[in-house]
Asks: 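Shown below is the structure under consideration.
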Amino acid sequence: MANLFALRNYARKAPSTLPQSLLFSSSSRTLTIYDTYPKAIFHFLVLPRVQAGSAVGLDDLDSLRTLFARGKDSARDVLNALNEDAQGIKREIELEMQERYGFKWPIWIGFHSVPSMHHLHLHVISSDLCSERLKNKKHYNSFHPKLGFFLHVDDVLSWFDSEPSYYEKMIQLDHKEYEKLLKEDLVCWKCEASMKNIPTLKAHLQEEWYKVAKREKGKVERKRKMEEREKQKIESGDDPSQHTEKKVKLDD
DNA sequence: GTTCTAGAAC
DNA sequence: GTTCTAGAAC
């Protein structure tokens, strides 16, 4: 059985003491770990660290709810720090996508509205959702980008600049309401097709990702060929920019 | 959060 | 008969 307090224990230690197989990177405000049970090709968790002298303690960092309870300014400060480092992780994933696959695809950054482990954690996950570890409806629906259970970080940050009544409503994070969403029928987040069960959905997600891969690789290949043609034209003295000049003169 | 497994669904 | 889901875990 997984330890529900594992993330809290990671956050309270010096990042350098964590195993290399777990720690991806760290900053003064956060640490980023590999999700132990990744639900996509790339899946990281960004965790806030306790700041020396800060009024926000380990208990306040337990979840979005406890953080919001600590006050609006404190919450905004912690969430901005998480978001900044998550954006950096996203850029690193994109480099790795290019390196390993020759193209990149969307990455989602967000929180689960009802957390399953103690200590606040921001998911940075690639949109393929292709993973051996994605095994049931709850897993899938918790990352569905349009269902509502997965709270995109940009949306959460927008609460701070919205009407106070909306802010107060959103920070309630009614667990009962959000948990209902996990029971919803399986629908492909990309093409909206209904899926009768998990194995069918997984095969479909794989197909959707292959389609993206094929299209993106095609783009790269077409670009390469076009650049090659342009280069050959210039080398053979047939500079296309000269054509424009001649045309202009003819028009005179 | 996962693993295990009974019994529902096909 | 096999696949698949969903709830218990002492």
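Predicted model only: the values in this text are computed from it and were never measured. First the proteins, then the strands, lettered A, B, ... as listed; each starts at 1. Worth knowing before you read on, the calculation uses all heavy atoms, side chains too, and leaves out hydrogens, waters and symmetry mates.
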Asks: Are A:Phe143 and A:His43 near enough that their ring centres are under 6.0 Å apart?
Replies: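 Yes, ring centres under 6.0 Å apart.
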Asks: Strictly below 4.0 Å, N to O, side chains only: are A:Arg29 and A:Asp77 in salt-bridge contact?
Replies: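 Yes, charged N to carboxylate O under 4.0 Å.
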Asks: With a 4.0 Å cut-off on heavy atoms, is A:His139 in touch with a base, just the backbone sugar-phosphate, or nothing at all?
Replies: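 Sugar-phosphate contact only - A:His139 comes under 4.0 Å of backbone atoms but never of a base.
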Asks: Step through it carefully: locate the ring centre of A:Phe150, locate the ring centre of A:Trp189, and say whether they are under 6.0 Å apart.
Replies: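 No.
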Asks: From CG of A:Asn141 over to P of B:dG1, roughly how many Å is that when rounded to an integer?
Replies: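 Atom CG in A:Asn141 sits about 12 Å away from atom P in B:dG1.
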Asks: Indicate the ring-plane relationship of A:Trp108 and A:His152, choosing parallel, tilted or perpendicular according to the 30° and 60° boundaries.
Replies: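 Answer is perpendicular, since the angle exceeds 60°.
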Asks: Just how far, in rounded Å, is P of B:dG1 from CG of A:Leu134?
Replies: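 Distance check: A:Leu134 CG to B:dG1 P gives 11 Å.
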Asks: Aromatic ring centroids of A:His119 and A:Phe5 under 6.0 Å?
Replies: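 They do not qualify: ring centres at least 6.0 Å apart.
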Asks: For A:Lys138 and C:dA8, what is the distance between atoms NZ and P respectively, to the nearest whole Å?
Replies: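 Whole-Å distance recorded here is 13 Å.
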Asks: Contact class for A:Lys137 vs. all strands (heavy atom < 4.0 Å): base, sugar-phosphate, or nothing?
Replies: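 Nothing, no heavy atom under 4.0 Å.
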Asks: Answer with yes or no whether the side chains of A:Gln87 and A:Asn83 bring together a donor and an acceptor at under 3.5 Å.
Replies: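 A:Gln87 and A:Asn83 do have a side-chain donor-acceptor pair below 3.5 Å.
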Asks: Check nucleotides 2-5 of chain C against the protein and report each pair of N or O atoms closer than 3.5 Å, with its distance, or say if there are none.
Replies:
{"unit_1": "C:dT5", "atom_1": "OP1", "unit_2": "A:Ile198", "atom_2": "N", "d": "2.9"}

Asks: With a 6.0 Å cut-off on ring centres, are A:Phe149 and A:His112 close enough?
Replies: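 When the ring centroids of A:Phe149 and A:His112 are compared, they turn out to be within the sub-6.0 Å range.
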Asks: Any donor-acceptor pair under 3.5 Å linking the side-chain atoms of A:Ser158 with those of A:Asp155?
Replies: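 No, because no side-chain N or O of A:Asp155 sits under 3.5 Å from a partner of the opposite role on A:Ser158.
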Asks: Take atom CG of A:Leu45 and atom C1' of B:dG1, then tell me their distance rounded to the nearest Å.
Replies: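 Checked: the CG to C1' distance equals 11 Å.
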Asks: As a check on the pairing definition, encode DNA chain B in dot-bracket form, counting Watson-Crick and G-U wobble pairs whose two distances are under 3.5 Å, and using | for partners outside this strand.
Replies: .|||||||||
